[in-house]
Amino acid sequence: MERLTSPPRLMIVSDLDDTMVEHRNDNENHSLLRFNSLWEEAYRHDSLLVFSTGRAKTMYKKLRKARPLLTPDVIVTSVGTEISYGKSMVPDENWVEIMNNKWNRGIVEEETRKFPELTLQAETEQMPHKLSFHVDKCKVKEVTKELYQRLEKRGLEIKIIFSGGIALDVLPKGGGKGQALAYLLKKLKTEGKLPLNTLVCGDSGNDTELFTIPNVYGVMVSNAREELLEWYAANGKDNSNIIHACERCAGGIIEAIGHFKLGPKLSPRDVSDFLECKADNVNPGHAVVEFFLFYERWRRGEIENCAAYTKSLKASCDPAGVFVHPSGAEKSLRGTIDELGKYHGDKKDKKFRVWTDQVLATETTHGTWIVKLDKWEQTGNERKCCTTTVKFTSKENEGFVWENVQQTWSEESEVKDDSTWII
């Protein structure tokens, strides 16, 4: 969060499974990729992205390897009992101390073993401040009431959360997604960076707390589960700041951005014609996002092999512009654009996707910009990533000119094959 020197324009706090990430009807992650390109083009530079998930860190990392997730500014894991910051996931030690208050994991283990109705989830879901079980939903009220009483008698203050129609989590009373969000908002306010707007997004019972935080907007995606809809019917339907979206998952988040007028709502992926995509770019990060989207469509054969496209791209490159390939080889930028011609449609029907992450632009001197980002490619199940630095110059009424592009293999890249990397 240190990269922002003023209050974020927007903070999105989103659950992952079946909210940001579609698991049922979107094999190519189209909805998620729509959100990704919108966020990187219009919001990354002055807003905050927070993922708030029931997953433990190990399972979150597993999801990142399977889906094209952006890197959040903050990741809240294990149903709001862990808070970490940035790409390196630095833990918030103060939050750990808060979680320790009137909590004893050993006692919770001892008491929950007395309930045959509770079945422990996988070891990967058991964390220092969270024990997770499966339970028949018809037994939830009975088990919850008795477990609260037993643990209270043992001197603990706990919280029990039921979600997904089957999952029951026991955590410290101060934990949970809502409490974690309240803590983050207080922290940001203390730093003079309270977001101008906050949008919370969820689909299940463990997201309910997010919608109870004052002065936030909320969206329940169209595929929200029964327990969240029941809570909404009883507690939230008169709150005009909460909507039940018409679209599923990340599409519902984009819908909410438009509904509440929180900022741009048109994803670059919803613009069909590259040459017509002429936004009033005041940040060269926009140009980077749009170029790599064009690159994906070109190789998938979704746009016409038309000289007007390559002519437009070459015109935006300095005649002396240089591209430094991950191998270290240097090429002419305009020559690299010419080479794209022979790759038109070569990834058709191969589940080829390209996305950009952590697109951040800095004006180093007047009219000179440096844009840094991670550029990802995926073909089938094979993923590659290059850390990319682009130098732009700009002149009034002339737009941004590409001067230099330099790429090196990212540590996150599963494959590092110089021979198959174009740009």
Side-chain angles (χ1 to χ4, degrees), residues 14-24 51-67 69 75-84 89 91 95-96 99-100 102-151 154 156-180 202-210 221 223-228 230-231 249:
S14 178
D15 173 53
L16 289 177
D17 297 292
D18 296 318
T19 300
M20 184 63 75
V21 179
E22 169 72 82
H23 286 293
R24 291 170 176 79
F51 291 154
S52 186
T53 177
R55 287 178 178 248
K57 285 183 181 178
T58 52
M59 299 307 290
Y60 163 67
K61 291 176 181 177
K62 184 177 180 180
L63 183 65
R64 276 186 64 85
K65 289 186 176 182
R67 300 297 181 122
L69 282 172
I75 174 70
V76 179
T77 48
S78 298
V79 197
T81 59
E82 300 171 333
I83 299 175
S84 306
M89 297 178 66
W95 185 246
V96 174
M99 292 299 95
N100 285 333
K102 294 190 176 180
W103 169 260
N104 185 308
R105 194 178 190 279
I107 292 176
V108 176
E109 286 180 321
E110 179 185 334
E111 292 295 338
T112 52
R113 278 197 292 266
K114 298 173 183 177
F115 290 81
E117 301 93 338
L118 296 177
T119 303
L120 271 173
Q121 293 184 29
E123 187 62 32
T124 54
E125 297 304 321
Q126 313 306 327
M127 301 306 294
H129 298 100
K130 177 178 78 80
L131 275 81
S132 297
F133 305 87
H134 287 139
V135 63
D136 189 318
K137 69 178 181 179
C138 68
K139 301 283 187 179
V140 171
K141 287 185 179 179
E142 176 186 340
V143 169
T144 297
K145 181 180 179 181
E146 186 175 349
L147 186 55
Y148 267 123
Q149 291 172 348
R150 285 176 176 266
L151 291 172
R154 299 291 299 271
L156 304 190
E157 292 187 357
I158 58 98
K159 177 181 292 182
I160 299 174
I161 296 176
F162 179 69
S163 64
I166 190 173
L168 185 143
D169 298 307
V170 184
L171 32 136
K173 185 177 181 180
K177 293 185 178 184
Q179 294 291 85
D203 77 295
S204 70
N206 68 17
D207 301 315
T208 302
E209 286 188 358
L210 292 173
V221 292
N223 51 291
R225 291 181 178 270
E226 179 183 0
E227 67 265 15
L228 182 58
E230 288 178 351
W231 173 88
C249 299

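Along the sequence shown, residues are numbered consecutively beginning with 1.
Looking at K130 and I161, their side chains never come closer than 4.5 Å, going by heavy atoms from C-beta outward. Side-chain contact check for T144 versus L168: some heavy-atom pair is nearer than 4.5 Å. Taking the side chain as every heavy atom from C-beta outward, E209 and W231 never approach each other to under 4.5 Å. By the 4.5 Å heavy-atom criterion applied to side chains, K173 and Q179 are not counted as neighbours. Side-chain contact between E82 and P91 is absent, with no heavy atoms from C-beta onward closer than 4.5 Å. The shortest side-chain heavy-atom distance between V96 and H129 falls under the 4.5 Å cut-off. At least one side-chain heavy atom of E146 sits less than 4.5 Å from a side-chain heavy atom of F115.
Without hydrogens or angle criteria, K177 side chain to S52 main chain gives a donor-acceptor distance under 3.5 Å. E227 places no side-chain N or O within donor-acceptor distance of the main-chain N or O of S204, the cut-off being under 3.5 Å. With hydrogens and angles ignored, the 3.5 Å screen pairs a side-chain donor or acceptor of Q126 with a backbone N or O of Q121. Under a 3.5 Å cut-off, the side chain of K57 and the backbone N or O of T77 do not form any donor-acceptor pair. Within the 3.5 Å criterion, the main-chain N or O of V108 finds no donor-acceptor partner in the side chain of W103. A donor-acceptor contact shorter than 3.5 Å is absent between the side chain of R55 and the backbone of K61.
Applying side-chain contact (heavy atoms from CB on, under 4.5 Å) to F51 and the options D15, V21, I75 leaves one that passes, I75.
Of all non-hydrogen atoms in A167 and H134, the two that sit nearest each other are CA-CD2, 4.5 Å. In this structure, L16 and T53 approach most closely via the heavy-atom pair CD1-CB, 3.8 Å. Closest non-hydrogen pair, V170 versus F133, comes out as CG2-CE1, 4.1 Å. Nearest heavy-atom pair across S78 and M127 is OG-CG, 3.3 Å. Pairing each heavy atom of I83 with each of A180, the nearest pair is CD1-CB, 4.0 Å. Taking each heavy atom of S14 and T19 in turn, the nearest pair found is OG-CG2, 3.6 Å.
Once rounded to the nearest 0.5 Å, the distance linking CD of Q149 with CG of L147 reads 9.5 Å. Interatomic distance, L131 CG to T112 OG1, rounded to the nearest 0.5 Å: 6.0 Å. Considering CD1 of I160 and CG of D169, their distance stands at 10.0 Å, rounded to 0.5 Å. Taking CD of E123 as the reference point, atom OG of S132 lies at 10.5 Å (rounded to 0.5 Å). The distance from atom CE of M20 to atom CG of D203, rounded to the nearest 0.5 Å, is 12.0 Å.
Residues passing the side-chain contact (heavy atoms from CB on, under 4.5 Å) test with R113, sequence neighbours excluded: E109, E110.
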Let me see the working for L120 and E125 under side-chain contact (heavy atoms from CB on, under 4.5 Å), right down to the final yes or no.
-> CA-CA 9 Å; L120 271 173; E125 297 304 321; over 6 Å; no

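Using a cut-off of 4.0 Å between Lys/Arg side-chain N and Asp/Glu carboxylate O, R150 and E111 are scored as salt-bridged.
Under a cut-off of 6.0 angstrom, the local environment of NZ in K141 is sparse, with at most 12 non-hydrogen atoms contributed by other residues, nucleotides or ligands. Atom NZ of K159 is surrounded by more than 12 heavy atoms from other residues, nucleotides or ligands within 6.0 Å.
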